[in-house]
Number of protein chains: 2
Amino acid sequence: MSVRKMVNRPAIAEAARRIVDEQGVAALSMRTLATALGIKAPSLYDHVRNRDEVIALVQNLGLEDFGAGFAGAGESTREKVLFYREWALKNRNLYPIVFQQQLHRDLITPGLEAKVLAIVVEAAGGSHVAARAVWAQLHGLVDLELQGRLPADADMTSTWNQVVISVDAIRQANLLTR
Amino acid sequence: MSVRKMVNRPAIAEAARRIVDEQGVAALSMRTLATALGIKAPSLYDHVRNRDEVIALVQNLGLEDFGAGFAGAGESTREKVLFYREWALKNRNLYPIVFQQQLHRDLITPGLEAKVLAIVVEAAGGSHVAARAVWAQLHGLVDLELQGRLPADADMTSTWNQVVISVDAIRQANLLTR
DNA sequence: ACCTGAACACCGTTCAAGT
DNA sequence: ACCTGAACACCGTTCAAGT
């Protein structure tokens with residue numbers, strides 16, 4: 001009995017995410033992906049338009065994973081902020097794909113991006129402007145940390161505490177003016 | 001009289017930056033770079049170890065350009081913040097190379113990174129922790145903006161004003177505790 | 001519908017060979 | 001020292017051909 005191949009878009013998405021998690025985006029080629037699925041590269045094009053669409057599938061998985069975790073991360077500013085950091089560190093190969101690329105909006109589960117954004121807006125005190133400033137701060141520090149742009153001996157705990165304070169100030173100011 | 005080729009590291013750096021500015025990093029291949037310099041790709045390896053070293057040369061040019069501008073950008077929080085944004089928008093292809101990659105520190109002009117960091121620390125009110133939180137905010141919003149992650153109709157002027165307020169709050173708090 | 005091998009135009013990089 | 005053509009092992013993608 002040979003192993004039955006079940007190649008479809010969900011299977012491709014999972015295999016792709018696995019490769020990204022374990023070896024980074026650079027290792028995600030159409031050939032390695034095909035091999036992981038037990039087929040040859042050209043066959044992938046029967047399921048997917050191109051590599052970009054594979055990336056979009058991974059973005060979708062990542063956004064779902066993040067969204068579920070962030071929604072259930074506790075209500076305080078501190079809990080939300082620290083969840084964001086921990087998710088990024090735990091998914092360091094996935095993070096840039098989900099949060100640092102053009103989002104292939106036509107291929108993402110409808111409403112998913114809006115759902116995640118709504119949680120951020122809520123956490124920021126209800127204002128879209130505030131939400132962007134807050135998100136920028138979280139995203140920026142995560143990126144600097146992931147890219148190794150901060151000194152190796154930088155006190156990240158204190159830095160994230162500073163971010164918690166700063167985010168909370170934005171949140172409070174916006175709650176007041178509601 | 002034939003045109004004399006003067007291929008050396010500064011010439012390579014300039015040609016590479018030009019390609020990046022005009023066509024983006026993806027267009028910077030060893031072959032296109034060589035062609036721009038009037039030589040063949042393998043010859044580049046007589047001047048440069050590999051493509052990474054070319055990227056480092058571009059990082060260096062970018063960091064110098066940014067550093068000079070940022071230092072002379074005015075003293076107020078608002079001026080510094082808005083300069084950061086404008087430099088990023090004016091150098092949208094260069095920005096990610098300078099601020100979103102591992103810095104090839106061994107190949108960067110000695111002291112250059114420290115000089116730029118010192119300006120940020122100064123602008124943040126003197127604390128390294130505060131400087132990281134401030135930088136995160138600027139870098140994060142620039143990245144979200146450059147990657148098109150914010151809605152097309154997002155009010156970026158208000159958002160950057162929010163960032164100015166937030167950065168200034170961090171700065172003031174740190175000036176007080178000095 | 002799904003898969004294949006062969007091929008195309010690209011990469012970065014190495015290497016023997018020329019001056 | 002600097003440059004070259006040829007080659008290697010990779011890419012993403014297309015296409016004719018098989019089932």
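Here is how names work: the chains are called A, B, and so on, in the same order as the sequence lines, proteins then strands, and each is numbered from 1. The structure displayed is predicted, hence computed values, not measured ones.
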Worksheet item: Listed by chain and number, what are the side-chain contact (heavy atoms from CB on, under 4.5 Å) partners of A/Q147, not counting sequence neighbours?
Response: A/Q100, A/D143, A/R149
Worksheet item: Residues two or more places apart in sequence or in another chain: which of them pass salt bridge (charged side-chain N to carboxylate O under 4.0 Å, His left out) with A/R18?
Response: A/E22
Discussion item. Among residues 13-31 of chain A, which ones have heavy-atom contacts with DNA chain D below 4.0 Å?
Written reply: A/L28, A/S29, A/M30, A/R31
Worksheet entry | Neighbours of DNA chain C within residues 43-54 of chain B, by heavy-atom distance under 4.0 Å | B/Y45, B/N50, B/R51
Worksheet item: Given the rule that a pair is Watson-Crick or G-U wobble with both distances under 3.5 Å, how would you write DNA chain D in dot-bracket, using | for pairs to a different strand?
Response: ||.|||||...|||||.||
Item to complete: Return the set of residues passing salt bridge (charged side-chain N to carboxylate O under 4.0 Å, His left out) with A/R92 (not counting sequence neighbours), or none when no residue passes.
Response: none
Discussion item. Taking salt bridge (charged side-chain N to carboxylate O under 4.0 Å, His left out) as the definition, give me every residue that meets it alongside B/D21, ordered by chain and number, with sequence neighbours left out.
Written reply: B/R17
Item to complete: Please collect all side chain to side chain donor-acceptor pair (under 3.5 Å) contacts where either partner lies in residues 28-40 of chain A, sequence neighbours excluded, each pair once.
Response: A/S29-A/T32
Practice prompt. Can you sort out the partners of B/R9 under salt bridge (charged side-chain N to carboxylate O under 4.0 Å, His left out), two or more places apart, ordered by chain and number?
Written response: B/E53
Worksheet, complete the sentence: Residue pairs passing the ring pair (Phe, Tyr, Trp, His ring centres under 6.0 Å) test with at least one member in residues 9-39 of chain B, sequence neighbours excluded, are none
Worksheet item: Taking only residues two or more places apart in sequence, or in another chain, which ones meet A/V120 in a side-chain contact (heavy atoms from CB on, under 4.5 Å)?
Response: A/F70, A/A131, A/W135
Worksheet item: Taking the side chain of A/V7 as its heavy atoms from C-beta onward, which of D/dT4, C/dC3, C/dT4 lies nearest to it?
Response: C/dC3
Practice prompt. Is it possible for you to say whether A/L144 and A/F99 belong to one hydrophobic cluster, with membership spreading through side-chain heavy-atom contacts below 4.5 Å?
Written response: yes
Practice prompt. Determine which pairs satisfy salt bridge (Lys or Arg N to Asp or Glu O under 4.0 Å) with at least one residue from residues 99-112 of chain A, sequence neighbours left out, and list them in order.
Written response: A/R105-A/E113
Discussion item. If I take atom CG in residue A/L37 and atom P in nucleotide C/dT4, what distance separates them, rounded to the nearest angstrom?
Written reply: 11 Å
